[in-house]
Protein chains: 2
Amino acid sequence: MLRISKLTDYATVVLAVLAEDAAAPHSAAQLADATHIALPTVSKVLKALQRGGLVASTRGARGGYQLARPAANISAVDVIDAMEGPVGLTECVTHPGSCDLEATCRSGDAWQRVNLAIRRALQDVTLLELTGRTTTGEARAVTAGQTAAEFAAALRAGTLRARTIEGGVQ
Amino acid sequence: MLRISKLTDYATVVLAVLAEDAAAPHSAAQLADATHIALPTVSKVLKALQRGGLVASTRGARGGYQLARPAANISAVDVIDAMEGPVGLTECVTHPGSCDLEATCRSGDAWQRVNLAIRRALQDVTLLELTGRTTTGEARAVTAGQTAAEFAAALRAGTLRARTIEGGVQ
DNA sequence: GCTAACAGGACTAAACTAGTCCTGTATTTT
DNA sequence: AAAATACAGGACTAGTTTAGTCCTGTTAGC
Ligand code: SF4
Ligand code: SF4
């Protein structure tokens, strides 16, 4: 199935609302109302996002949450990382050494590459896209093109190179 | 985390062995031995792959499993589809209509696009890559480039277009 | 008829997910 | 100062999914 968790999904919905009106802080209750997600759940999501540094919180009356940085600067990977931990398709990607087959298995390297490719792809999807307002400007086209090129490179590149990229990008 | 299930992972390992010597049928026991995965588990994996049409099975003595088609013709998506059902990042991708938020949520379209992009990316990773023998031929580079372009297009395209592509490709 | 090997499905334990709730703390308003 | 607002952290539960095993039946070769 290869799916993201429902909470991660909710996170993007909540973030979309925050992105809409980035100036003022929004309380969890307000966001629950706007998104139609139950308050305790929204609250949980927001706490995770705060820990991940994607939203800033202010306590007390008239407090609430707001984006920690511009929407254009928050990507799908960031959201996933904050909600479920770093993207890792296989065991050997997330916890190297913990898979018994690692010595003999030769698929590992390929998965590493695929993982990286997906990660890069996700990195190019910003909150702007996630809000549903498709940006069709040329700037957008350029970044997409760039990512596509990198994507091809990542797929083609050998393991060593892939790991170097990963180290530099991660 | 966004991970594939361990069984899917095993599937690629098993398929890699099958790809190595595509001529003769391999019994589940043989494959278990070659991969160091427990026999019942290998058996389960193979049954799923057979149902998915990726391997062909022969019963009886001297029977076993072999690839149903050339390794170059089996992609990562095929494996995932066979093992865990079609890739679907969100609820609304796999079961449209089942999410309560679908009426108000505007992230759905974006996830649809991302989902498609990932699917296409995975489609370009064949068993050949998964066996660990990185093919660096020009043919490979070309297909990677092609996918990259499509990838960019998919990311940039509006919902309508994305859905059209999906319908045609799926 | 015996044996090798797949087919199908039942079953279990463990892990993860979604969702709720409670207790505490910071900030503002009155 | 007191009260109200709102986040922080974590415990907890029910439900689902995953990994892995096992058993019973069927098919093919010798
Ligand atoms: S790819 Fe190979 S080494 Fe990595 S987790 Fe899967 S089986 Fe283990
Ligand atoms: S993206 Fe929106 S509509 Fe789709 S499953 Fe998530 S919340 Fe529901």
Side-chain angles (χ1 to χ4, degrees), chain A residues 1-11 13-14 18 24-33 35-66 68 80 83-85 88 90-91 94-95 98-101, chain B residues 1-11 13-14 18 24-33 35-66 68 80 83-85 88 90-91 94-95 98-101:
Chain A
M1 258 187 291
L2 193 68
R3 68 166 35 186
I4 62 174
S5 91
K6 214 158 188 179
L7 290 186
T8 306
D9 185 357
Y10 289 162
V13 177
V14 170
L18 284 180
H26 297 254
S27 76
Q30 273 181 291
L31 292 168
D33 201 53
T35 56
H36 302 120
I37 304 171
L39 174 56
T41 305
V42 172
S43 186
K44 186 180 193 172
V45 166
L46 284 164
K47 279 183 247 181
L49 290 175
Q50 128 79 23
R51 258 174 247 134
L54 295 195
V55 301
S57 63
T58 348
R59 287 190 171 190
R62 305 219 19 102
Y65 296 91
Q66 46 195 318
I80 295 178
M83 296 300 298
E84 5 186 326
T90 59
E91 187 71 29
T94 39
H95 308 106
S98 74
C99 173
D100 297 338
L101 303 167
Chain B
M1 258 186 293
L2 194 69
R3 69 167 32 187
I4 62 174
S5 91
K6 215 158 188 180
L7 289 186
T8 306
D9 184 357
Y10 289 163
V13 177
V14 170
L18 284 179
H26 298 253
S27 75
Q30 273 182 289
L31 291 168
D33 201 53
T35 56
H36 302 121
I37 304 171
L39 174 56
T41 306
V42 172
S43 186
K44 186 179 193 172
V45 166
L46 284 165
K47 278 182 247 180
L49 290 175
Q50 128 78 24
R51 258 174 248 132
L54 296 194
V55 302
S57 62
T58 349
R59 287 191 171 189
R62 305 223 12 108
Y65 296 91
Q66 46 195 319
I80 294 178
M83 297 299 299
E84 8 186 322
T90 59
E91 186 71 28
T94 40
H95 308 106
S98 74
C99 173
D100 297 339
L101 303 167

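The structure displayed is predicted, hence computed values, not measured ones. Letters A, B, ... mirror the listed sequences (proteins, then strands); counts begin at 1.
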Could you check how far [atom1] of [X] sits from [atom2] of [N], rounded to whole Å?
X       : N      : atom1 : atom2 : answer
A:Tyr65 : D:dT5  : OH    : P     : 17 Å
A:Met83 : C:dG19 : CE    : C1'   : 12 Å
B:Arg62 : C:dC6  : CZ    : P     : 12 Å

NA contact type, B:Ala28, heavy-atom cut-off 4.0 Å: base, sugar-phosphate, or nothing?
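Sugar-phosphate only.
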Hey, what do you get for CG (A:Leu7) to CG (A:Leu49), rounding to the nearest 0.5 Å?
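Going from CG on A:Leu7 over to CG on A:Leu49, the span is 10.0 Å.
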Determine the minimum heavy-atom distance between B:Arg3 and A:Gly88, stating which atoms define it.
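Where B:Arg3 meets A:Gly88 most closely, the heavy atoms are CB-O, 3.0 Å.
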Per-nt protein contacts along nucleotides 9-26 of chain D (heavy atom under 4.0 Å; B base, S backbone sugar-phosphate only, - none) come out as BB--------BBB----B
Does a side-chain heavy-atom distance below 4.5 Å link [X] with [Y]?
X        : Y       : answer
B:Ile4   : B:Glu84 : yes
A:Gln30  : A:Tyr65 : no
B:Asp100 : A:His36 : no

Qualifying residues under side chain to side chain contact (heavy atoms under 4.5 Å, CB included), relative to A:Ala32, sequence neighbours excluded:
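A:Ala32 satisfies side chain to side chain contact (heavy atoms under 4.5 Å, CB included) with A:Leu39, A:Val42 once adjacent residues are dropped.
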Below 4.0 angstrom from OP1 or OP2 of D:dA28, is there any side-chain N or O of B:Thr58?
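So the side chain of B:Thr58 is outside the cut-off, no N or O lying under 4.0 Å from OP1 or OP2 of D:dA28.
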